[in-house]
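Both backbone and side-chain heavy atoms feed into the values below; hydrogens, waters and symmetry mates do not. Order of the sequence lines sets the chain letters (A, B, ...), proteins ahead of strands, with each chain counted from 1.
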Amino acid sequence: MNKRVRVRFAPSPTGGLHLGGVRTVLYNYLFAKQHKGDFIVRIEDTDQSRYVAGAEQYIFNCLNWAGLVPDESPFNAGAYGPYRQSERKPIYRKYAEQLVQQGNAYYAFDTPEELEKMRNDFKSAENPSPQYDLDLRKKMRNSLTLTEEEVRKLLSENTKHVIRIKIPEKETISFTDMIRGEVHFDTSLVDDKVLLKADGMPTYHLAVVVDDYLMKITHAFRGEEWLPSAPVHILLWKYLFGLEEMPQWAHLPLILGPSGKLSKRDGATYGFPVFAMNWTDPTTKELSEGFKEKGFLPEAFINLLALLGWNDGTEQEIFTLEELINKFSIERVHSGGAKFDYEKAKWFNHEWIKHSEADRLRSEVKTLLEERGFSVRDDVYLEKVIELVKERCIVLPDFLEQSSFFFKTPESWDVETVKPKWNIEKKIFFESFIQQLLLLKNWNATDIEILFKKLVTENKIKAGELLFPLRIMLVGGKFGPPVFNITELLGKEETIKRIKLASIQFDS
RNA sequence: GGCCCGUUCGUCUAAGGGUUAGGACACCACCCUUUCACGGUGGUGAUACGAGUUCGAAUCUCGUACGGGCUACCA
């Protein structure tokens, strides 16, 4: 049997796209591409009360930034669409009713209040959260306890009701997880999950099974938090479509924060991004900065995420998307959760910046500079600057501090550092240095340095005493790449101009 | 509480019965560098605990502890 690989990612437009979500997409994507299959995105908006307008587009923007574009647009119904669950409502009803007909599901007429009462009444120290299970369902109002006539009457009166799966009494459900191997569940401990809600929308449980079947999904990867509800999904496959048709499951380990499952709160508390891109909480209006806006390269973001729970068995840590597609293997994914380490994340980004060609970084850096009012006219010049400073930039905004002086003459200088040691000899030195520079034929770092060193020797002053002031003259402070490289890029005119301007400051 | 999953340096991890338990981040020291970085060399640092199987266990089995997840008409 040569099945075509189709994997799907199913984000819910109720919150931002966080680390765990992107990694799930990434593994889906890598697996699909590796097997020359399709990667599709299905949108889970079954809970209309938590639905956030615009979130779908946000998620898609994140995927686009990260380079993980689905093969079928989730917004236009293709052969297997629509992909938005709210647009598939009638489909779910049909299958839910089928389950009732087959005796695998039943109508339940309990109101939310009644359910709450039940949970309170049966709550005990040993059982803090009573389940709607094979014992309790006998005590509730549903098509199992009511007479056929009563049920018909309630239905004809349009009484609010849900459809629940009827979990079999004593059965062991087993399946093979691609990461964990055989997993077993005892049905006597699983509750009768709601499949179709009172508003006619499906729950995740029904939707995921029906959609995976109709969309011909062959492999389903999701977070480990779904493992406990896997038996419900297995049962639904068995009742509806047959186990042979069921996709292979892989439950991915969780990405942990400093304490437990990584949450939005962790980002705020510990000062690192948890979302791919900026996300504003719709209720609190609180903005969470994304990896993109923080200045991460998408290549680095993908790279660090891929390595959080997987490695290829070698000591290689830096991978391109292309390499990941070739080398990824679901069998090598860890079963244990991984704690996110922001320091290591920054290291990945630093590596990617260092190893990127200047023209790869050009437009990002240009935008950054222009946003701050620096005008960048010459792309060749900009690339030279990037090449010179990139190894000291960990995140993109670092380019601002490291390179802005290449585009604007400093307005102030670190006078305090220079002034105490500033004297007439030094003043004279720089005056003759300017004279020599004017005569210099080849304007490059090496020749300027030779000239400088020669002059230093002639004047019998220590080089260090002069190198430091020169740096501050050129950039304004104690930072930046090697001084003579700066002079080379700045050019003769600008270099001399800055030395003159700064000297005046030091004199006063 | 019940069920499920997990446990190798502080963190991410390698090692699939025999290794001085390897690498990376972080940290420390030194070298390079008359700034800051990059780079180089070295260092501190781990198999949760207890039994069992075995000539031999991080590795297989069981128990304990700890961590995490789930236990909604959320996903």
How far does the [atom1] atom of [N] sit from the matching atom of [M], given to the nearest Å?
N: rC38(B); M: rC25(B); atom1: P; value: 11 Å
N: rG23(B); M: rG45(B); atom1: C1'; value: 14 Å
N: rU59(B); M: rG63(B); atom1: P; value: 16 Å
N: rU19(B); M: rG56(B); atom1: C1'; value: 14 Å
N: rG22(B); M: rC5(B); atom1: C1'; value: 28 Å
N: rG16(B); M: rA21(B); atom1: C1'; value: 15 Å
N: rA57(B); M: rA51(B); atom1: C1'; value: 13 Å
N: rC49(B); M: rC31(B); atom1: C1'; value: 44 Å

[N] pairs with which nucleotide, Watson-Crick or G-U wobble, both distances below 3.5 Å?
N: rC32(B); value: none
N: rA15(B); value: none
N: rA46(B); value: none
N: rC60(B); value: rG52(B)
N: rG1(B); value: rU71(B)
N: rU20(B); value: none
N: rC66(B); value: rG6(B)

Please classify the nucleic acid contact of [X] as base, sugar-phosphate, or nothing, using heavy-atom distances under 4.0 Å.
X: P11(A); result: nothing
X: S124(A); result: nothing
X: H251(A); result: nothing
X: R222(A); result: nothing
X: L467(A); result: base
X: F479(A); result: base
X: P482(A); result: base

CG of D47(A) versus C1' of rC74(B): gap in Å, rounded?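 My rounded result for the distance is 6 Å.
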Using whole Å, report how far CG of L304(A) lies from C1' of rU11(B). 14 Å
Judged by whether its glycosidic angle lies within 90° of 0, rC31(B) is anti
Who are the ring pair (Phe, Tyr, Trp, His ring centres under 6.0 Å) partners of [X], not counting sequence neighbours?
X: H205(A); result: H233(A)
X: W347(A); result: none
X: F340(A); result: F272(A)
X: Y51(A); result: none

Residues at least two apart in sequence or cross-chain that pass side-chain hydrogen bond (donor to acceptor under 3.5 Å, both in side chains) with T314(A), listed by chain then number, are D312(A)
Table of protein N/O atoms under 3.5 Å from nucleotides 21-25 of chain B N/O atoms:
residue	atom	partner	partner atom	Å
rG22(B)	O2'	E315(A)	OE2	3.4
rG23(B)	O4'	E315(A)	OE2	3.3
rA24(B)	O4'	E317(A)	OE2	3.0
rA24(B)	O2'	E317(A)	OE2	2.6
rA24(B)	O2'	K344(A)	NZ	2.8
rA24(B)	N3	K344(A)	NZ	3.1
rC25(B)	OP1	W347(A)	NE1	3.4
rC25(B)	O2'	K344(A)	N	3.4

Quick note, side-chain hydrogen bond (donor to acceptor under 3.5 Å, both in side chains) partners involving residues 461-477 of chain A, not counting sequence neighbours, are K426(A)-E465(A)
Report, one line per pair, each donor and acceptor closer than 3.5 Å where one atom sits in a side chain of residues 451-461 of chain A; sequence neighbours left out.
residue	atom	partner	partner atom	Å
K453(A)	NZ	E449(A)	OE2	2.8
T457(A)	OG1	K453(A)	O	2.7
N459(A)	ND2	L455(A)	O	2.7

Apply side chain to side chain contact (heavy atoms under 4.5 Å, CB included) to residues I234(A) and F185(A) and explain how you reach the verdict. CA-CA 11 Å; I234(A) 309 282; F185(A) 292 90; over 6 Å; no
Tell me which pairs pass salt bridge (Lys or Arg N to Asp or Glu O under 4.0 Å) where either residue lies in residues 188-206 of chain A, with sequence neighbours left out.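 Qualifying pairs: R137(A)-D192(A), D191(A)-K193(A).
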If you find the nucleotide of RNA chain B closest to H350(A) and the one closest to P128(A), which residue's nucleotide is nearer the 5' end?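 Taking each residue's closest nucleotide, the earlier one in sequence belongs to P128(A).
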Most 5' of W226(A) and E126(A) on RNA chain B, judged by nearest nucleotide: E126(A)
Atom CD of E357(A): over 12 foreign heavy atoms under 6.0 Å: no
Between [X] and [N], is there a contact of a side-chain N or O with OP1 or OP2 at under 4.0 Å?
X: N311(A); N: rC12(B); result: no
X: K354(A); N: rG39(B); result: yes
X: K390(A); N: rC38(B); result: no

Within the side chain of K390(A), is there an N or O that forms a donor-acceptor pair under 3.5 Å with the backbone of S356(A)?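 Side chain of K390(A) to backbone of S356(A): a pair is present.
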Side-chain touch R180(A)/L227(A), heavy atoms, less than 4.5 angstrom: yes
Compare all side-chain heavy atoms of F122(A) with those of K139(A) and state whether any distance is below 4.5 angstrom. yes
Pairs under 3.5 angstrom, nitrogen or oxygen only, protein versus nucleotides 3-5 of chain B, please.
residue	atom	partner	partner atom	Å
rC5(B)	O2'	R180(A)	NH1	2.5
rC5(B)	O2'	E224(A)	OE2	2.8

Shorter than 3.5 Å, N or O on both sides, protein versus nucleotides 71-73 of chain B: list them out with atom names.
residue	atom	partner	partner atom	Å
rU71(B)	O2'	Q131(A)	OE1	3.0
rU71(B)	O2	S129(A)	OG	3.4
rC73(B)	OP2	R164(A)	NH2	3.4
rC73(B)	O2	A198(A)	N	2.8
rC73(B)	N4	D110(A)	O	3.0

Picking from rC12(B), rC70(B), rU35(B), which would you name as closest to the side chain of K339(A)? rC12(B)
Under 3.5 Å, is there any donor-acceptor pair linking the side chain of R392(A) to the base of rC36(B)?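 When only heavy-atom distances are counted, R392(A) does reach the base of rC36(B) through a donor-acceptor pair under 3.5 Å.
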Which atom pairs, one a donor and one an acceptor, fall under 3.5 Å between side chains of residues 9-25 of chain A and the rest of the protein, sequence neighbours left out?
residue	atom	partner	partner atom	Å
S12(A)	OG	T14(A)	OG1	2.9
H18(A)	ND1	G20(A)	N	3.2
R23(A)	NH1	L308(A)	O	2.6
R23(A)	NH2	P253(A)	O	2.2
T24(A)	OG1	G20(A)	O	2.9

